[in-house]
Amino acid sequence: MAVVAALTVAVGLSTGASALAAGDSVVVPPGGTVAGMAYGGWLALSWQLAFAAHPPGPGACEPVGTADGPVAVLFQSFAGGEQAYTCDEPLGRSIYIVGISNECSTVPGDHGVFGDTPAQLEICAPTGFDGAFGTASVDGRPVEDYRALISRTAVFTIHLPQNNLFNSRERTARSAAFGEGLLLRGLSTGTHIIRTTSVVPNVFSAEVTYTLPIG
């Protein structure tokens, strides 16, 4: 099972900042879509991009083409810790920020005690998320219902280059994922700061800040 974390830095937040609720802001609410895909679809796509990257690990700012135009997918380093990135994005571009999540695949050793059927992979993925948590904020305003944005995926196909995250000889496998992410749309012209935290107690923590000049 592979766990990847989210973004953000909790420092610098205004303690008096009002909460940002999904649905009445730039945050896409649960059940909402960007380019025809809901949170689960973007979670699956983020893992597909992560596994297909060569060398292993995607860049921080990945534009993905869709029928509605490019969408930015923002990653962090698998190493965790404090990270900071700047991603210049044009006005009108939607953004998916990869949060902390877990996946289970048919690659040997990547599904724990579970089998590798689609049903077993979908059961396996949430178990690796046990105890994990994250937070998110946009321009100093915390996303108050961030946990409501947790999603699960159906089984999806992953492609592995020769030099891959698993050091596997397999080139194609199936995976299922469960975890957090943040979809944003309608960010105004100017510079925006997105922060998230990701924690798996005694295993992993990440604090990442994204600076997004929009224009």
Side-chain angles (χ1 to χ4, degrees), residues 1-13 17 19-22 26-30 34 38-51 53 56-62 71-87 95-105 110 112 124-153 158 165-166 175-184 192-212:
M1 295 181 288
V3 177
V4 68
L7 305 28
T8 249
V9 172
V11 298
L13 296 183
L20 196 64
V26 297
V27 178
V28 176
V34 164
Y39 276 92
W42 287 101
L43 176 60
L45 179 60
S46 70
W47 276 107
Q48 289 173 318
L49 292 171
F51 285 134
C61 315
E62 295 283 332
V71 173
V73 180
L74 308 188
F75 288 89
Q76 61 152 331
S77 167
F78 293 147
E82 293 189 11
Q83 303 170 42
Y85 304 99
T86 298
C87 299
I95 296 168
Y96 178 71
I97 300 159
V98 178
I100 188 167
S101 65
N102 183 69
E103 69 82 41
C104 294
S105 77
D110 191 42
C124 173
T127 65
F129 197 78
D130 289 347
F133 63 91
T135 64
S137 70
V138 179
D139 295 331
R141 299 178 65 190
V143 179
E144 64 178 7
D145 45 3
Y146 186 52
R147 297 289 291 183
L149 303 180
I150 290 175
S151 61
R152 66 173 67 237
T153 74
I158 59 175
L165 291 170
F166 294 118
S175 178
F178 181 94
E180 296 172 346
L182 184 64
L183 276 169
L184 303 177
H192 299 271
I193 305 296
I194 313 300
R195 295 178 168 131
T196 69
T197 58
S198 303
V199 178
V200 181
N202 303 314
V203 176
F204 181 91
S205 66
E207 297 182 336
V208 185
T209 299
Y210 279 82
T211 300
L212 305 180

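Note that the structure is a prediction, hence the values are computed from the model and not measured.
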Of the non-hydrogen atoms in W47 and A177, which two are nearest, and what is the gap between them?
-> CD1-CB, 3.6 Å
Any donor-acceptor N/O pair, D110 side chain to S105 backbone, under 3.5 Å | yes
S137 side chain reached by V143 side chain, heavy atoms, under 4.5 Å = no
Stepwise side-chain contact (heavy atoms from CB on, under 4.5 Å) test for S77 and Y85 = CA-CA 10 Å; S77 167; Y85 304 99; 3.8 Å; yes
Side-chain contact test, heavy atoms from C-beta onward, threshold under 4.5 Å: evaluate it for L183 versus W42 and give yes or no.
-> yes
Output the distance between atom CD1 (I150) and atom CZ (F178), rounded to the nearest 0.5 Å.
-> 5.5 Å
Looking only at side chains, do E103 and S175 share a donor and an acceptor under 3.5 Å apart?
-> yes
Looking only at heavy atoms, what is the nearest atom pair of V200 and A132, with distance?
-> CG2-CB, 4.0 Å
For residues S198 and F133, determine if any side-chain heavy atom of one lies less than 4.5 Å from a side-chain heavy atom of the other.
-> no
Taking the side chain as C-beta and beyond, is there a heavy-atom pair between V98 and L74 under 4.5 Å?
-> no
For the residue pair V28 and Y39, establish whether any side-chain heavy-atom pair is separated by less than 4.5 Å.
-> yes
Looking at side-chain heavy atoms only, is the closest gap between F129 and I100 below 4.5 Å?
-> yes
Please report the closest heavy-atom contact between A125 and C104, naming both atoms and the distance.
-> N-SG, 3.5 Å
Exercise: identify the closest heavy-atom pair between Q76 and A206 | OE1-CB, 3.3 Å
Contact check, side chains of L165 and F78, non-hydrogen atoms, under 4.5 Å | yes
Could you pull out the closest heavy-atom pair between A50 and P58, with the gap in Å?
-> CA-CD, 3.9 Å
Side-chain touch S101/L43, heavy atoms, less than 4.5 angstrom = yes
Will you find, in the side chains of Y146 and E144, an N or O donor that is under 3.5 Å from an N or O acceptor?
-> no
Closest non-hydrogen atoms of Y96 and E180, given as atom of the first, atom of the second and distance, are OH-O, 3.9 Å
From the list V34, V26, L182, L212, side chain to side chain contact (heavy atoms under 4.5 Å, CB included) with I95 holds only for L212
Could you check I193, I97, I194 and say which one makes a side chain to side chain contact (heavy atoms under 4.5 Å, CB included) with V138?
-> I194
Give a yes or no on this: more than 12 heavy atoms of other residues, nucleotides or ligands lie within 6.0 Å of atom CG of D130.
-> yes
